[in-house]
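For reference, the structure discussed in these notes is given below.
Labels below follow one simple rule: chain letters A, B, ... track the order of the sequence lines, proteins then strands, and each chain is numbered from 1.
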2 protein chains.
Amino acid sequence: MARTRGSFAEDTKGRIFNVAAALFAGRGFAAVSMRDIAAEAGVRAGTLYRYTPDKNTLLCDLGTGHLRALIAAWEACDQTDPLAAFVRNHLSFSLARPDTAVIASRELHCLSDDQARAVFALRTDYETTLGRILLTRGLSPEEAVFTTRSILAMLSQVPIWFRARGGLSAQELAMRYVDMTRRMVPLPATA
Amino acid sequence: MARTRGSFAEDTKGRIFNVAAALFAGRGFAAVSMRDIAAEAGVRAGTLYRYTPDKNTLLCDLGTGHLRALIAAWEACDQTDPLAAFVRNHLSFSLARPDTAVIASRELHCLSDDQARAVFALRTDYETTLGRILLTRGLSPEEAVFTTRSILAMLSQVPIWFRARGGLSAQELAMRYVDMTRRMVPLPATA
DNA sequence: GTCTATAGCTGGATAGAC
DNA sequence: GTCTATCCAGCTATAGAC
């Protein structure tokens, strides 16, 4: 309980980034103003620029941060059954951080050039991970391409609509998606 | 070749709507200004307001127009094999109009309230159509919900990345998606 | 039917007080 | 570390000439 007064910079930064993620995910990057973010975070607009050089960098950091952490989570996984592990990791990670998940899948086209390249490289990395898993299950390179995109498309949509009230739990949902994904990839190589 | 001079209103309107669709799909609704649309369409900004009351209505009309035409195309289909017909119709329609397809799937969250409701109703209609097909194939209502969303998510992503150069043709791609979708829906009811 | 001109706002970002 | 105050660029939408 030290430091009940003084520097709250870390709290402020966290609050700003969380609030920005929520607003970007909800209304879209371009429709959210720095003043909106500031108001929701309980500071004034000028203060935001202590924590980010500009609005685009804020979006970029949210996107790359999410993707980096997602890839790190995957690398820390038990990958005995790679396809199932991939689906489970993607869903559990994304449902724990739905705002940045939505941003990483739907808002990054607002970035310009240099920043876009950085994020795009991460996303390609991640796609390639899934692509390789599909190849080891016997898909042709051509099939692997659109199957990878299809699986990621359907997984990325989940945080937009799923709410763990009433219906399936997140774990149950993940099981269903593992089953569905297995059926999409016809022939396991372990014959 | 009558009327090489005089009223070109219809051409202008078509050009404006096409240009707007392309820009909204490419950069996102909020990042495109009326001036951008006007410049690309070869008119001045004020002229746009002869053809739409405001920018939001323009987006709304593009979205509802796409969805209405998509549903009409479905209703005109040979529906002997409903699931395959649905997938083929969705892909061929969307790939013929990739800009409005992207708008209908990704840009409509920029609309506000009344307009959003109108579009949302159309999209729900369309989702329900697919949901019913899945129910007749023996899926439980619960499974039908997330399977519907998964199929539409993966289909809606296609116009974002697919270009008919080099690789698969649109028809070949549609065949693969029909196969993949059939595998996602485990048990045909026609036993 | 298209233009010019502009009103009226809101946006991102900065400077300097405290 | 946060605030106040502000600059100025860019936006939507309108009014009225041609």
Discussion item. Distance check needed: C:dC3 C1' versus B:Leu48 CG, whole Å only.
Written reply: 12 Å
Practice prompt. Report the residue from A:Tyr126, A:Phe17, A:Phe93 that forms a ring pair (Phe, Tyr, Trp, His ring centres under 6.0 Å) with A:His66.
Written response: A:Phe93
Worksheet item: Just by modelled atom types, is the A:Arg176 backbone N or O under 3.5 Å from a matching donor or acceptor in the A:Asp179 side chain?
Response: no
Practice prompt. Look only at the side chain of B:Gln157 and the backbone of B:Met154, and say whether a donor-acceptor pair between them is shorter than 3.5 Å.
Written response: no
Fill in: Side chain B:Lys55, main chain B:Phe29, donor-acceptor under 3.5 Å
yes
Discussion item. Is any side-chain heavy atom of B:Leu152 closer than 4.5 Å to one of B:Arg149?
Written reply: no
Discussion item. Checking one residue: B:Ile160. Which other hydrophobic residues are in its cluster under the side-chain 4.5 Å linking rule?
Written reply: B:Val102
Practice prompt. Rounded off to whole Å, could you give me the CD1-to-P distance for the B:Ile16 and C:dG1 pair?
Written response: 12 Å
Discussion item. If we ignore hydrogens and angles and just use 3.5 Å, is the side chain of B:Asn89 paired with the main-chain N or O of B:Phe86 as donor and acceptor?
Written reply: no
Discussion item. Let me spell it out: for each of A:Met34 and A:Arg50, pick the nucleotide of DNA chain C with the closest heavy atom. Which residue's pick is nearer the 5' end?
Written reply: A:Met34
Worksheet entry | Among D:dT12, D:dG1, C:dT2, the nucleotide that comes nearest once only the side chain of B:Tyr51 is considered | C:dT2
Worksheet item: Quick one, which residues of residues 53-61 of chain B touch DNA chain C with a heavy atom under 4.0 Å?
Response: none
Fill in: Donor-acceptor contact below 3.5 Å, side chain B:Thr52 vs main chain B:Tyr49
no
Discussion item. Checking the side chain of B:Arg27 only, and the main-chain atoms of B:Val32 only, is there a donor and an acceptor separated by less than 3.5 Å?
Written reply: no
Item to complete: Classify every nucleotide of nucleotides 5-10 of chain C by which part a protein heavy atom approaches to under 4.0 Å, writing B for the base, S for the sugar-phosphate alone and - for neither, in 5'-to-3' order.
Response: ------
Worksheet entry | Closest listed nucleotide, where the reference is the side chain of B:Thr47 and the choices are C:dC3, C:dG12, D:dT2 | C:dC3
Item to complete: From the options C:dA13, D:dA13, C:dC3, select the nucleotide whose nearest atom is closest to the side chain of B:Arg44.
Response: C:dC3
Discussion item. Expressed as a whole number of angstroms, how long is the span from A:Tyr49:OH to D:dT4:C1'?
Written reply: 16 Å
Discussion item. Any side-chain N or O of A:Thr12 below 4.0 angstrom from OP1/OP2 of D:dT2?
Written reply: yes
